[in-house]
Number of protein chains: 4
Amino acid sequence: MREPRAAAPTTAPAAGAPAAPRGRRADAERNRAAIITAATAVFAEHGADVDVREIARRSGVGMGTLYRHFPSKEDLLRLSLEQEFTAWLTQAHERAAATEDPWQALSGFFEQVLTTQAHNRALMDSYVQTGGPTESCVHKCRVFIDALRQRCEQAGVLRPGVSTEDLLSLSGSLCTTVQTVGDERRWRRLMTISLDGLSSRHREPLPS
Amino acid sequence: MREPRAAAPTTAPAAGAPAAPRGRRADAERNRAAIITAATAVFAEHGADVDVREIARRSGVGMGTLYRHFPSKEDLLRLSLEQEFTAWLTQAHERAAATEDPWQALSGFFEQVLTTQAHNRALMDSYVQTGGPTESCVHKCRVFIDALRQRCEQAGVLRPGVSTEDLLSLSGSLCTTVQTVGDERRWRRLMTISLDGLSSRHREPLPS
Amino acid sequence: MREPRAAAPTTAPAAGAPAAPRGRRADAERNRAAIITAATAVFAEHGADVDVREIARRSGVGMGTLYRHFPSKEDLLRLSLEQEFTAWLTQAHERAAATEDPWQALSGFFEQVLTTQAHNRALMDSYVQTGGPTESCVHKCRVFIDALRQRCEQAGVLRPGVSTEDLLSLSGSLCTTVQTVGDERRWRRLMTISLDGLSSRHREPLPS
Amino acid sequence: MREPRAAAPTTAPAAGAPAAPRGRRADAERNRAAIITAATAVFAEHGADVDVREIARRSGVGMGTLYRHFPSKEDLLRLSLEQEFTAWLTQAHERAAATEDPWQALSGFFEQVLTTQAHNRALMDSYVQTGGPTESCVHKCRVFIDALRQRCEQAGVLRPGVSTEDLLSLSGSLCTTVQTVGDERRWRRLMTISLDGLSSRHREPLPS
DNA sequence: CATGAATGAGAGTTCATTCAT
DNA sequence: CATGAATGAACTCTCATTCAT
């Protein structure tokens with residue numbers, strides 16, 4: 001009556017973990033992970049409005065189990081996005097750290113935003129609308145972007161007057177087009193245009 | 001316990017209208033118009049997800065009438081947006097025609113897109129997602145933008161390689177930020193940046 | 001898929017009412033009445049905790065219809081009880097007015113409370129717990145009881161110091177026994193005892 | 001992300017308990033007691049409708065243990081009340097035995113009923129509805145009340161014709177008011193009235 | 001034998017669409 | 001041809017009870 005349990009939790013049991021340390025917890029944790037995995041996938045595909053039952057079905061658990069782990073749909077959504085967002089931001093940090101050229105670091109971030117957008121609807125929806133699923137996430141992201149901005153500024157490659165908020169909004173704004181146009185080459189063009197508008201080649205002051 | 005039957009449809013029967021065989025037609029047409037008007041307002045305010053009842057209420061007709069004229073919510077939405085879109089595009093034409101400077105015509109269009117976005121949620125949503133409510137609308141819009149593009153191109157003020165699609169997507173993409181940030185000065189900055197990226201100061205080829 | 005429509009609305013179309021004056025309203029009113037009737041019956045039988053679906057089923061309407069007439073279960077409950085309470089209090093008024101002897105009027109009221117209790121669980125539950133389904137109901141009831149009390153007091157048949165609140169609480173308190181013991185003769189004995197305790201034969205002051 | 005497994009059941013394993021074969025038994029018995037204790041407290045506070053989880057939480061055992069000892073919520077409720085009821089009745093016996101004046105013994109019992117009502121919701125609910133949680137309890141209570149009644153009767157202080165059932169019902173009936181009115185002085189008035197109605201000052205026969 | 005996670009049948013409520021009047 | 005009442009599937013969430021570990 002239920003699929004035989006999807007075999008693929010995203011977060012697999014940590015590599016060298018020995019036989020489950022505690023009788024039950026392992027299974028519960030597996031379920032919890034399965035729910036988040038499923039939720040993440042479902043939210044990514046259909047957005048935040050999907051039926052919770054779809055998530056329960058996909059994760060192979062009953063409604064009760066789902067609600068035992070997450071007291072409300074809202075909570076599940078938040079947690080799922082929080083996790084995704086964190087992973088995403090971590091990757092962003094790594095990439096930026098591995099990139100010497102400040103401008104390339106910035107463009108790399110824009111690229112990551114847009115690539116992710118193609119694969120996770122709910123995640124990027126939250127990025128676009130509020131900057132992230134959580135105040136804390138938004139803050140961290142802002143801090144990260146601010147660092148990027150300062151690097152570029154000090155290298156003299158960023159248009160004067162560009163704020164962190166500008167970068168946040170602009171990167172989010174471009175997300176729309178990824179949803180709209182399936183073709184990657186298409187949205188890369190827009191990204192290039194916007195980034196060029198951010199370059200220090202332009203020195204005219206921005207409004208207000 | 002119930003109001004004695006509000007005898008007052010918003011559009012009252014025209015005074016001297018004879019019991020002409022066409023009376024019904026006229027009435028129906030009036031209803032149809034009232035529905036579209038109301039739908040337009042409601043969709044603009046609350047987006048495409050509003051309860052259909054709200055539209056019926058606002059237009060002063062019953063649900064049956066509404067569904068007689070429009071077989072589904074979808075249809076009503078499409079038609080309402082079609083109309084709005086056309087009016088909007090007409091205005092865009094007029095403005096562009098009245099603007100001598102090609103570049104100013106282009107920026108003026110971007111500005112109109114974003115200003116409208118602040119006032120008509122559903123309309124711009126469709127613009128962002130598919131370029132317009134209808135294939136036909138999208139086409140007309142594309143033609144218009146193409147004209148703008150050509151004017152700019154011929155004046156040598158547009159970055160080489162920028163396509164009509166680019167302009168369509170880019171203008172739509174900026175819409176997001178209007179929703180997100182309430183402040184007009186905020187989104188004007190992003191618009192400036194994007195437009196600058198479109199200027200002929202940049203001659204590097206765009207990807208693909 | 002639904003019973004062919006229970007033929008018996010409690011509130012039948014007013015006697016000499018000619019063919020339904022208004023196209024639809026009549027039917028809707030019938031449904032509304034059917035819902036209240038069903039709700040009243042169901043609440044009376046099972047208390048306030050029944051499934052709303054049971055009411056919908058019993059009244060022969062869909063859930064939507066029920067919720068069209070009453071925005072929430074709470075509202076339906078309140079209205080149903082309000083109606084019952086009013087009818088009940090009206091009858092109480094009539095009886096009291098038709099009874100010359102003040103003491104008999106008081107006992108008659110107690111009797112009515114208990115008789116009703118045997119037939120309407122939710123109604124009397126509200127009477128017992130808060131004095132009625134609504135502040136307004138409670139007030140009216142209090143006023144009525146106060147009148148009864150004054151009549152008895154002036155006739156010198158009521159124990160000195162007995163307050164309106166005492167009478168309200170005492171009548172409610174006896175309700176319990178009706179639920180408990182099915183036999184009418186049983187609870188009449190208790191009523192007699194309590195009423196005797198209220199008689200002016202006792203002149204000892206009440207506590208506090 | 002989860003507390004490291006709270007190692008602390010409320011009733012910790014007694015220090016020097018040997019790994020005796022009876023160890024399990026003892027443990028089980030301790031659990032059973034803990035459950036009843038918790039259930040009693042919880043039922044007293046919130047009534048019989050509380051979530052079973054609350055009881056498990058409060059007793060420090062898992063749901064499985066709870067259901068091992070008590071096959072259903074109903075059973076647990078019954079047992080908990082049975083125990084409370086017995087203790088309560090024992091106390092009633094003691095008080096009655098320690099009271100010389102028969103009438104004072106009777107009033108004392110009424111007072112105990114009402115005082116308890118203020119402190120143990122579920123217990124008194126069962127008293128009110130069925131006379132007690134169990135046929136056996138009801139019987140014992142009836143016997144006790146009958147003794148009280150006989151003492152009063154023989155002392156000539158009880159209204160002739162008052163049955164044991166009358167006393168049972170009347171004392172239960174007054175419980176309602178304790179729930180309703182918080183003020184102790186308020187329900188004492190009603191109690192006084194009812195008791196006065198039971199006094200031998202009234203010699204009129206009771207109905208039926 | 002204890003654990004507490006899992007279950008799933010409802011609960012109250014909403015809304016696009018249909019249909020009797 | 002208009003009306004707006006009726007429909008009912010779908011939604012989020014709860015809780016008594018079972019079952020794998």
Side-chain angles (χ1 to χ4, degrees), chain A residues 1-2 20 22-32 49-54 56 60-74 76, chain B residues 5 9 23-25 27-28 31 49-54 56-57 60-74 76, chain C residues 1-2 20 22-32 35 49-56 60-74 76, chain D residues 5 9 23-25 27-28 31 49-54 56-57 60-74 76:
Chain A
M1 209 165 273
R2 241 164 226 322
R22 276 76 172 268
R24 191 16 95 109
R25 279 289 156 52
D27 225 50
E29 211 53 53
R30 201 152 35 231
N31 263 336
R32 191 187 155 89
D49 272 350
V50 263
D51 190 336
V52 192
R53 276 166 171 79
E54 175 61 24
V61 306
M63 290 299 295
T65 305
L66 197 154
Y67 273 88
R68 152 175 278 275
H69 287 288
F70 308 94
S72 79
K73 182 186 181 181
E74 186 63 26
L76 176 53
Chain B
R5 168 65 56 97
R24 272 287 149 73
R25 265 301 152 69
D27 227 51
N31 269 338
D49 272 350
V50 265
D51 193 328
V52 194
R53 278 162 180 71
E54 176 63 24
R57 218 171 296 135
V61 307
M63 294 296 293
T65 307
L66 197 154
Y67 270 87
R68 164 170 297 279
H69 287 290
F70 308 93
S72 80
K73 185 187 180 180
E74 187 61 26
L76 175 54
Chain C
M1 208 165 273
R2 239 165 227 320
R22 277 75 172 268
R24 189 24 81 120
R25 280 287 157 54
D27 224 50
E29 211 54 51
R30 200 150 38 229
N31 263 336
R32 191 188 156 88
I35 293 170
D49 273 348
V50 263
D51 189 336
V52 193
R53 279 162 172 83
E54 174 63 25
I55 299 175
V61 306
M63 289 300 295
T65 304
L66 198 155
Y67 271 88
R68 151 176 279 274
H69 287 287
F70 308 94
S72 78
K73 183 187 180 181
E74 187 63 28
L76 176 54
Chain D
R5 167 64 57 97
R24 272 289 148 74
R25 263 303 152 69
D27 228 50
N31 269 338
D49 273 349
V50 265
D51 194 329
V52 194
R53 278 160 179 72
E54 176 62 23
R57 218 172 297 136
V61 307
M63 294 295 293
T65 307
L66 197 155
Y67 270 87
R68 164 170 297 280
H69 287 289
F70 308 94
S72 79
K73 184 187 181 180
E74 187 61 27
L76 175 53

| field | Under 4.0 angstrom between Tyr67(C) side-chain N/O and dT14(E) OP1 or OP2 | value | no
| said: Looking at every heavy atom in both Leu66(C) and Ile35(C), which two are closest together, and how far apart are they? | reply: CA-CD1, 3.8 Å
| field | Among dT3(E), dA16(E), dC13(F), the nucleotide that comes nearest once only the side chain of Asn31(D) is considered | value | dT3(E)
| message | Using every non-hydrogen atom in the two residues, find where Val52(B) and Lys73(B) come nearest and quote the distance to one decimal. | response | CG2-CD, 3.8 Å
| task | Respond yes when some side-chain nitrogen or oxygen of Arg68(B) is under 4.0 Å from OP1 or OP2 of dA2(F), and no when none is. | result | yes
| For the pair made of CG in Leu66(D) and P in dT18(F), what is the distance, rounded to whole Å? | 12 Å
| message | Expressed as a whole number of angstroms, how long is the span from Glu54(C):CD to dG12(E):C1'? | response | 15 Å
| query | How far apart are the closest heavy atoms of Arg30(C) and Asp27(C), and which atoms are they? | reply | NH2-OD1, 2.7 Å
| field | Interatomic distance where CG belongs to Asp27(D) and C1' belongs to dT3(E) [whole Å] | value | 13 Å
| Nucleotide nearest Thr65(D) (side chain, heavy atoms from C-beta), chosen from dA10(F), dG8(F), dT3(E) | dT3(E)
| For atom CE of Met63(D) and atom P of dT7(E), their distance in whole Å | 15 Å
| note | Applying the 3.5 Å cut-off to both distances, the Watson-Crick or G-U partner of dC19(E) turns out to be dG4(F)
| Rounded to the Å, how far apart are Arg53(C) CZ and dA10(F) P? | 13 Å
| query | When you measure from the side chain of Val52(B), which nucleotide among dA16(F), dA2(F), dT17(E) comes out closest? | reply | dT17(E)
| field | Nearest non-hydrogen partners of Ala56(A) and Met63(A), listed with the distance | value | CB-SD, 3.9 Å
| query | NE2 of His69(A) versus P of dT14(F): gap in Å, rounded? | reply | 15 Å
| said: By nearest heavy atom, map Gly64(D) and Gly64(A) onto DNA chain F; which one lands nearer the 5' end? | reply: Gly64(A)
| query | In whole Å, what is the span from the CG atom of Asp49(A) to the C1' atom of dC15(E)? | reply | 14 Å
| query | Is there a Watson-Crick or G-U wobble partner for dA10(F) with both distances under 3.5 Å, and if so, which one is it? | reply | dT13(E)
| request: Starting at atom CZ of Phe70(B), determine the distance to atom C1' of dA16(E), rounded to an integer number of angstrom. | output: 16 Å
